[in-house]
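Structure record follows, encoded as structure tokens.
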Amino acid sequence: NNLMLLNDVWRYQPESNNWEVLGEGTDAMDRPTTREGMSMVTSDKGLNALIFGGIGYGYVPMNDVWRFTMSTETWELLEVVEDSNKKRKK
């Protein structure tokens with residue numbers, strides 16, 4: 001199996017038709033681990049990106065949330081708060 005998971009972020013600039021890598025100097029411990037199948041959305045009018053979950057090497061499920069701040073090109077691990085609605089009766 002030649003599966004290779006990545007954890008890089010790229011931005012496309014349509015005006016110049018160029019791609020640029022973001023957060024290149026970020027330490028490996030200050031960013032999400034490599035994964036596939038995560039969910040990603042932008043927030044705050046595109047100023048931040050959020051990722052949730054995914055699957056890492058060895059098919060290990062992830063249950064973490066990270067925020068990428070575009071202006072500083074940095075990642076932040078966010079605290080996951082248990083949903084109180086989870087305990088409701090079905």
Side-chain angles (χ1 to χ4, degrees):
N1 185 344
N2 292 329
L3 176 67
M4 186 166 107
L5 303 178
L6 303 173
N7 63 347
D8 50 352
V9 178
W10 292 77
R11 174 174 38 207
Y12 177 66
Q13 300 289 351
E15 310 81 37
S16 60
N17 193 30
N18 285 318
W19 286 92
E20 65 177 307
V21 66
L22 302 178
E24 215 171 3
T26 307
D27 184 9
M29 296 304 292
D30 295 332
R31 61 175 45 224
T33 57
T34 57
R35 62 190 68 205
E36 65 176 320
M38 77 280 191
S39 297
M40 183 176 196
V41 296
T42 59
S43 65
D44 305 317
K45 298 181 182 177
L47 299 176
N48 296 302
L50 299 169
I51 67 165
F52 168 73
I55 298 173
Y57 284 115
Y59 301 100
V60 175
M62 307 289 186
N63 190 30
D64 51 356
V65 178
W66 288 81
R67 175 176 44 216
F68 185 78
T69 303
M70 298 292 189
S71 61
T72 59
E73 298 183 13
T74 56
W75 286 101
E76 175 186 6
L77 177 61
L78 302 179
E79 180 181 354
V80 176
V81 178
E82 185 175 332
D83 183 1
S84 61
N85 290 325
K86 192 189 316 185
K87 297 175 185 171
R88 68 180 175 212
K89 292 182 181 179
K90 294 182 179 185

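Everything numeric in this text was worked out from a predicted model, so none of it was measured.
Residues L50 and L47 do not share a hydrophobic cluster, clusters being chains of Ile/Leu/Val/Met/Phe/Trp/Tyr side chains in contact below 4.5 Å.
Listed by chain and number, the residues in a side-chain hydrogen bond (donor to acceptor under 3.5 Å, both in side chains) with E15 amount to none (sequence neighbours excluded). Applying the ring pair (Phe, Tyr, Trp, His ring centres under 6.0 Å) criterion to W10, with sequence neighbours excluded, gives no partner residue. Residues meeting the side-chain hydrogen bond (donor to acceptor under 3.5 Å, both in side chains) test with N17, sequence neighbours left out: Y12. Among residues two or more places apart in sequence or in another chain, the salt bridge (charged side-chain N to carboxylate O under 4.0 Å, His left out) test is passed with D64 by R35. When the salt bridge (charged side-chain N to carboxylate O under 4.0 Å, His left out) test is applied to E76, the partners found at least two apart in sequence or on another chain are R67.
One distance of note links CD of E36 with OH of Y57; it measures 9.5 Å at 0.5 Å rounding.
For the pair W75/D30, no side-chain contact is recorded, criterion being any heavy-atom separation below 4.5 Å from C-beta on. T34 has its side chain out of reach of L6: every pair of non-hydrogen atoms, C-beta onward, lies at least 4.5 Å apart. A heavy-atom distance below 4.5 Å is not found between the side chains of E73 and V9.
Cluster partners of M62: none. The rule joins Ile, Leu, Val, Met, Phe, Trp and Tyr whenever side-chain heavy atoms lie under 4.5 Å apart, and it links nothing here.
With R31 contributing its side chain and G23 its backbone, the two residues share a donor-acceptor pair below 3.5 Å.
The shortest non-hydrogen separation linking M38 to G53 is CB-O, 3.2 Å. Across every non-hydrogen atom of P32 and I51, the tightest pair is CG-CD1, 3.6 Å.
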